[in-house]
There are 2 protein chains.
Amino acid sequence: MSDTDELLSIRAAELYYEENQTQDEIGVILRLTRWKVGRLLASAKANGFIRIEIVHPRARRLPIERRLRESTGLTDAIVVSSAGVSSDAELQSRTAQAAADYLTSLRPIPRTLGISWGRTLHDVSLHLKQGWAPGVNVVQINGGVSLNQRTGTAASTAVTIAHKADGSATLLPSPAIFERLETKQAMEADRTVAGVLALARNAQAYVFSAGQADANSALVDSGYLTVEQIDDLVSRGAVGDVVGRYIDANGRIVDPELNERTVGIQIDQLRRAPLTIAVISGNNKHAIARAVVRNGLCTVLVTDEDTANALLQEKDTP
Amino acid sequence: MSDTDELLSIRAAELYYEENQTQDEIGVILRLTRWKVGRLLASAKANGFIRIEIVHPRARRLPIERRLRESTGLTDAIVVSSAGVSSDAELQSRTAQAAADYLTSLRPIPRTLGISWGRTLHDVSLHLKQGWAPGVNVVQINGGVSLNQRTGTAASTAVTIAHKADGSATLLPSPAIFERLETKQAMEADRTVAGVLALARNAQAYVFSAGQADANSALVDSGYLTVEQIDDLVSRGAVGDVVGRYIDANGRIVDPELNERTVGIQIDQLRRAPLTIAVISGNNKHAIARAVVRNGLCTVLVTDEDTANALLQEKDTP
DNA sequence: CGCGCATCTGCTCAGATGAGCAACAATCCC
DNA sequence: GGGATTGTTGCTCATCTGAGCAGATGCGCG
């Protein structure tokens with residue numbers, strides 16, 4: 001397009017979008033036919049001079065969602081807008097809200113819903129509305145009785161989600177990680193625990209988050225792992241944890257021995273499940289989000305715009 | 001509007017603006033009539049959820065221009081958008097470009113154009129296109145042979161503007177400020193200089209910028225004033241300089257004695273002129289811009305969005 | 001319970017807009 | 001210089017959209 005046409009398209013856009021003039025009127029002002037004005041406006045849009053943003057906590061980015069679905073093979077992607085967000089916490093709250101919305105609109109409603117625990121899932125539970133689904137049985141899919149936090153963070157998440165659905169919660173009364181393999185095996189042998197795990201394995205849908213592998217991990221906070229252990233895992237390629245299990249960029253378990261001592265469903269169970277919803281948001285979670293999506297650990301991803309763009313970008317530069 | 005309607009309006013906006021769906025189609029998706037969709041979209045706009053921005057160096061902000069004209073009585077206001085601008089320099093360059101555009105479109109074309117000098121005016125001269133006006137006589141309205149900068153900054157501005165208009169430049173061969181009043185008076189008595197000043201007083205239009213009163217002033221750079229002198233002026237109420245003369249917030253000369261030693265047209269000559277174009281941009285120039293506009297020193301203001309908003313804001317809070 | 005008021009909903013209709021088409025202009029290549 | 005190709009312009013027509021209106025619905029108050 002010629003330089004003067006570019007300038008004209010800007011003048012036209014000002015009159016059209018800021019002054020609410022009709023294309024006809026703009027034609028009179030700029031001494032153009034209204035068709036020319038229409039084409040100038042179209043070219044201004046095509047050149048990206050017109051930026052339309054939806055500024056609202058509940059706003060989503062549908063075009064990015066579509067591109068994500070197409071490039072990753074996810075069955076669904078929910079991407080919340082980061083327009084006007086000032087903090088990571090706000091972004092995560094928006095994402096949790098979107099996840100809650102998604103769960104609410106799920107059809108068919110899953111009879112059994114397997115969930116992990118953590119800050120994100122807790123947030124999701126708070127955003128669900130009373131009566132969001134009728135009679136869902138919520139089951140914990142990984143261990144999580146906190147060692148040194150106020151008890152019940154993990155349990156309360158499940159209970160809240162179940163309560164708001166007028167359903168029941170099945171808790172997994174076990175630590176996330178045992179120090180000795182034998183203790184873990186003994187625990188799993190217990191009839192009650194085995195029953196919960198069987199239920200977890202047969203859930204119709206899973207909702208989980210993921211943590212970046214760093215010193216702020218919830219597993220460190222809870223006392224299951226030390227910072228040194230995390231450093232070691234990172235040096236062996238770990239990018240983050242999913243249902244308490246550390247994986248590398250290729251979705252493989254980093255430390256099989258540690259994995260064996262971890263209570264809950266296996267990574268492979270997520271891979272096989274027909275509906276697994278990952279809720280991952282925050283600027284430091286791009287790597288683990290990539291690992292989860294790339295390796296088919298979820299069928300649905302709920303995330304924020306920045307993380308989604310990070311996922312898309314690497315696709316373009318193989 | 002109800003909460004669920006607000007959410008619906010966001011969903012509708014996503015489909016309308018990001019997915020280019022028709023209101024009819026959106027109605028089918030959201031199970032609404034197309035009229036309802038139309039109203040939801042209108043309400044999303046009214047609530048400010050839809051932000052439309054024109055991102056282009058030449059973009060202007062017409063609504064702000066209109067409000068400025070209405071609230072200040074300016075005959076014209078040109079406000080460049082600051083969308084996507086990273087530095088003050090870029091903003092000033094955009095403003096200079098807009099000033100050049102404005103000059104180019106001036107009708108009737110002034111036969112004699114009085115200009116000041118400085119970084120901004122120089123920028124304007126560079127943005128003018130060859131042949132922007134036929135045969136304008138450009139005349140300097142204040143002294144400005146640099147003392148310690150590379151010679152000719154002031155002169156080259158006038159010459160460039162005149163040259164690009166295929167016109168002539170009349171320079172004011174004098175320092176901006178004399179140390180002794182007598183020298184200044186002797187200078188003005190000189191036939192040549194008196195002739196230039198007479199021409200300057202009779203110019204049909206003026207273009208000038210203004211400087212904030214601080215250590216970075218061009219008058220300090222050029223060696224006419226010391227930082228201490230500026231501090232003194234500020235302590236006496238000076239907010240900045242116009243054609244080399246320091247004024248306070250009420251548009252009054254701060255130091256009459258200094259003013260007497262300054263060569264060029266008087267502030268009052270600007271007040272009386274039918275067409276005076278002030279080009280003022282930058283985040284540190286809000287105060288001097290306010291003084292210029294409030295006190296009728298210009299009839300046309302070319303500025304940036306931030307400065308314009310600063311001018312408008314104070315109007316709202318008297 | 002019934003009335004009046006305010007809001008909401010679906011509609012008509014006219015004006016605004018985008019897609020597609022034919023005529024025309026500009027450019028390029030022999 | 002001639003012909004082909006590409007891009008531009010003004011137009012017709014079908015579709016989309018907003019204003020205005022009448023009836024429906026909901027709400028508060030006596």
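Just so you know, these numbers use all the heavy atoms, side chains as well, and skip hydrogens, waters and symmetry mates.
Rounded to a whole Å, the CD1 atom of A:Ile26 is 12 Å from the P atom of C:dA16. Protein atom CG of A:Leu40 is 12 Å distant from nucleotide atom C1' of D:dT9, rounded to whole Å. Going from atom CG of A:Asp24 over to atom P of D:dC11 covers 12 Å, rounded to whole Å. Rounded to whole Å, the distance from CZ on B:Arg31 to C1' on C:dG10 is 19 Å. In this structure, NZ of A:Lys36 is placed 14 Å from P of D:dC11, rounded to the nearest angstrom. Atoms CG (B:Asn20) and C1' (C:dG18) sit 12 Å apart, rounded to a whole Å. Between A:Lys45 atom NZ and C:dG18 atom C1' the separation is 11 Å, expressed in whole Å.
A:Tyr16 has no side-chain polar atom (N or O) that falls below the 4.0 Å cut-off from OP1 or OP2 of C:dA16. Using a 4.0 Å cut-off, no side-chain N or O of B:Thr22 falls inside it from OP1 or OP2 of D:dT15. The phosphate of C:dT9 has neither OP1 nor OP2 within less than 4.0 Å of any side-chain N or O from B:Thr33. A close approach under 4.0 Å does occur between a side-chain nitrogen or oxygen of A:Gln23 and OP1 or OP2 of C:dG18.
Within 3.5 Å, no donor on the side chain of A:Arg39 pairs with an acceptor on the base of C:dG18, nor the reverse.
The side chain of B:Arg34 approaches C:dC13 more closely than any other nucleotide in the set C:dT17, C:dC13, C:dT9.
For the residue pair A:Thr170 and A:Asn137, a side-chain donor N or O sits within less than 3.5 Å of a side-chain acceptor on the partner.
Pairing each heavy atom of B:Gly282 with each of B:Asp88, the nearest pair is CA-OD2, 3.5 Å.
Residue order along DNA chain C, read from the 5' end via each residue's closest nucleotide, puts A:Glu25 first among A:Trp35 and A:Glu25.
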